[in-house]
J.: 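I am attaching a structure below and will ask some questions about it afterwards.
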Amino acid sequence: MAFTLPPLPYPDDALAPHLSREALELHHGKHHQTYVDKLNEAVPDKTNDDLDSVILQAREGPIFNHAAQHWNHSFYWQCMAPGGGGKPAGELGEAVDRDFGSFDAFTEELHGAAATHFGSGWAWLVDDGSRLLVTSTHDADLPLTHGQRALLTIDVWEHAYYVDYRNRRPDYVTAFLDHLVNWDFVAKGFSTSAA
Ligand code: FE2
């Protein structure tokens with residue numbers, strides 16, 4: 001069973017001007033596709049393991065890196081939507097207030113984690129089983145290996161923002177939070193994890 005590149009859940013120009021068509025074409029069509037291709041080269045042809053199992057069995061090395069980057073990017077595309085941003089409502093909004101004090105305190109913490117993460121990686125909102133947390137991971141690492149459930153991620157590898165923002169990672173993070181977050185998707189993951 002070969003792994004395949006999932007289509008973007010929106011047209012490749014739908015997130016402009018915050019992320020341009022060129023940026024998404026490169027990020028999805030080249031970077032993410034390459035992770036999928038290299039994963040398929042690295043795993044046995046007839047594996048029936050799902051992606052989570054491949055990640056958890058590998059734990060490190062090339063198979064882990066390509067599998068985790070496939071997982072992370074597949075998740076990242078769903079965390080964005082045209083006309084996104086704003087605030088979460090309902091139970092997720094209440095949980096954010098409960099665990100961070102306020103929505104503004106949460107966004108400040110997530111912005112800080114994403115903007116200041118050293119080198120390549122990912123900033124996350126996760127459910128650790130008892131509360132919501134902001135975390136960041138290096139390179140391909142992801143909450144799955146830490147026993148946490150991912151609810152939202154921001155790709156802070158340079159390839160995620162260099163086309164549109166050059167070296168201004170904080171501006172990319174601000175645009176992500178203000179205009180791109182798909183809170184409906186985050187809320188769906190949260191209601192599943194709370195069930
Ligand atoms: Fe990326």
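Read the numbers this way: they start at 1 and go in the same order the structure lists the ligands and their atoms. On a predicted model such as this, the values are computed, not experimentally measured, just so you know.
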J.: Is the shortest heavy-atom distance from the side chain of Y35 to the side chain of F3 under 4.5 Å?
T.: no

J.: Would you tell me whether D164 and S20 have side-chain atoms, one donor and one acceptor, within less than 3.5 Å of each other?
T.: yes

J.: What protein N/O/S atoms are found closer than 2.8 Å to the Fe ion (ligand 1)?
T.: H27 NE2, H73 NE2, D155 OD2, H159 NE2

J.: Is there side-chain contact between L39 and L51, with heavy atoms separated by less than 4.5 Å?
T.: yes

J.: Determine whether the aromatic ring centres of H159 and H27 lie less than 6.0 Å apart.
T.: yes

J.: Centroid separation under 6.0 Å, is that true for the rings of H73 and H28?
T.: no

J.: Identify, with sequence neighbours excluded, every residue that meets ring-ring contact (aromatic ring centres under 6.0 Å, His included) alongside F176.
T.: none

